[in-house]
Amino acid sequence: TRDCEGIDYSEISVEKARKLNQCAIRDGRCAVCQGSVAQMDFADASFDAVTAFETVYFWQDLPKCFQEVYRVLKPGGTFLICNESNGDTNKDKKWTDIIGGMTIYKDTELKAHLEQAGFNDIQIHKTKSWLCMTGENTINTEKALLADGQILDIDGIEAECFQAPGHTGWTNNFSFAFAHKNKLYL
């Protein structure tokens, strides 16, 4: 099995992720494909963890997407959501006005959707405008707080924070999905 599996609906993001991880992909340790979190081509109970960095803003049917994430998680697996906008400030509205299709959720909204999908032991972590949440178990969220252009390297599989030019969906940070050691990153 691969160390990493990933999915993103953005063609630009998938291209960047594949280029950044070309060695890991060539070695069979990583795969990045284009697709939707609402209908993933992964078997039930495939992953120990799933993360979504700056992406749930754009998921069209949040309850369905959370149910799909729950489906691909192994029992006891963790789902981590990390958003730079937490819905608690007046600045959040400017982003939804600028970026089409973006919805900024408050922690209470996300928690309700997570519970509806079956997640439990939901933890909420806030700092300034950031919102990080976990369902089922907790994991270290500090690696999510990267700035534009920084690189996250996990055992040679990299994720670059970037701005997708001309893309109306993603804004920055992890605009693609990848997985590490049975962890799926969205």
Side-chain angles (χ1 to χ4, degrees), residues 1-10 13-14 17 21 24-25 27-84 86-87 103 105-127 130-146 152-159 170 173-186:
T1 65
R2 293 184 188 102
D3 290 339
C4 296
E5 298 281 339
I7 185 172
D8 195 293
Y9 82 92
S10 164
S13 297
V14 169
N21 292 290
I25 291 169
D27 295 343
R29 297 186 308 116
C30 178
V32 179
C33 60
Q34 191 170 359
S36 171
V37 69
Q39 188 174 4
M40 294 186 276
D41 289 332
F42 300 114
D44 294 355
S46 296
F47 301 100
D48 296 311
V50 174
T51 69
F53 292 92
E54 297 273 280
T55 61
V56 297
Y57 309 127
F58 307 104
W59 294 2
Q60 296 300 309
D61 185 346
L62 201 60
K64 180 179 180 178
C65 292
F66 283 3
Q67 289 168 355
E68 186 69 354
V69 169
Y70 189 83
R71 180 189 68 77
V72 301
L73 274 174
K74 291 179 181 177
T78 301
F79 180 31
L80 166 69
I81 299 168
C82 193
N83 292 340
E84 186 173 4
N86 64 20
T103 302
Y105 299 96
K106 292 183 175 281
D107 57 348
T108 53
E109 295 172 287
L110 291 172
K111 184 176 187 219
H113 289 303
L114 289 168
E115 289 172 339
Q116 180 185 13
F119 290 95
N120 56 47
D121 192 24
I122 297 166
Q123 304 291 314
I124 299 169
H125 310 275
K126 285 185 173 182
T127 114
W130 283 90
L131 169 64
C132 295
M133 298 180 68
T134 55
E136 198 68 29
N137 296 310
T138 59
I139 62 175
N140 187 349
T141 61
E142 291 178 14
K143 291 192 188 264
L145 306 177
L146 297 174
L152 169 65
D153 184 339
I154 304 174
D155 292 345
I157 297 168
E158 298 178 346
W170 314 109
N173 286 31
F174 294 88
S175 298
F176 58 88
F178 67 97
H180 174 67
K181 300 209 188 283
N182 293 321
K183 295 169 179 66
L184 174 64
Y185 295 82
L186 305 166

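Quick caveat, the model's predicted, so the values are computed rather than measured.
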Of the non-hydrogen atoms in [X] and [Y], which two are nearest, and what is the gap between them?
{"X": "Leu80", "Y": "Cys132", "result": "CD1-CB, 4.5 Å"}
{"X": "Met133", "Y": "Asp107", "result": "CE-O, 3.7 Å"}
{"X": "Val14", "Y": "Cys33", "result": "CG2-O, 3.7 Å"}
{"X": "Glu84", "Y": "Tyr57", "result": "N-OH, 2.9 Å"}

Value rounded to 0.5 Å, distance of [atom1] in [X] from [atom2] in [Y]:
{"X": "Glu5", "Y": "Cys30", "atom1": "CD", "atom2": "SG", "result": "8.0 Å"}
{"X": "Tyr9", "Y": "Ser36", "atom1": "OH", "atom2": "OG", "result": "9.5 Å"}
{"X": "Ser13", "Y": "Gln34", "atom1": "OG", "atom2": "CD", "result": "9.0 Å"}
{"X": "His113", "Y": "Thr108", "atom1": "NE2", "atom2": "OG1", "result": "9.5 Å"}

Can you confirm whether [X] sits close enough to [Y] that some side-chain heavy atom of one is under 4.5 Å from a side-chain heavy atom of the other?
{"X": "Asn83", "Y": "Leu110", "answer": "yes"}
{"X": "Asp8", "Y": "Val32", "answer": "no"}
{"X": "Ile7", "Y": "Val37", "answer": "no"}
{"X": "Glu115", "Y": "Lys111", "answer": "yes"}
{"X": "Ile81", "Y": "Phe66", "answer": "yes"}
{"X": "Thr134", "Y": "Asp121", "answer": "no"}

*Ionic contact status for Glu68 with Lys64, cut-off 4.0 Å*: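 Salt bridge absent between Lys64 and Glu68.
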*Sequence neighbours excluded, which residues qualify as ring-ring contact (aromatic ring centres under 6.0 Å, His included) partners of Phe119?*
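ring-ring contact (aromatic ring centres under 6.0 Å, His included) check on Phe119 returns Tyr70, Phe79.
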*Sequence neighbours excluded, which residues qualify as salt bridge (charged side-chain N to carboxylate O under 4.0 Å, His left out) partners of Asp41?*
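Asp41 satisfies salt bridge (charged side-chain N to carboxylate O under 4.0 Å, His left out) with no other residue.
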*Check salt bridge (charged side-chain N to carboxylate O under 4.0 Å, His left out) between Lys106 and all other residues, then give those that pass, not counting sequence neighbours.*
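Partners of Lys106 by the salt bridge (charged side-chain N to carboxylate O under 4.0 Å, His left out) criterion, ordered by chain and then number, come out as Asp88.
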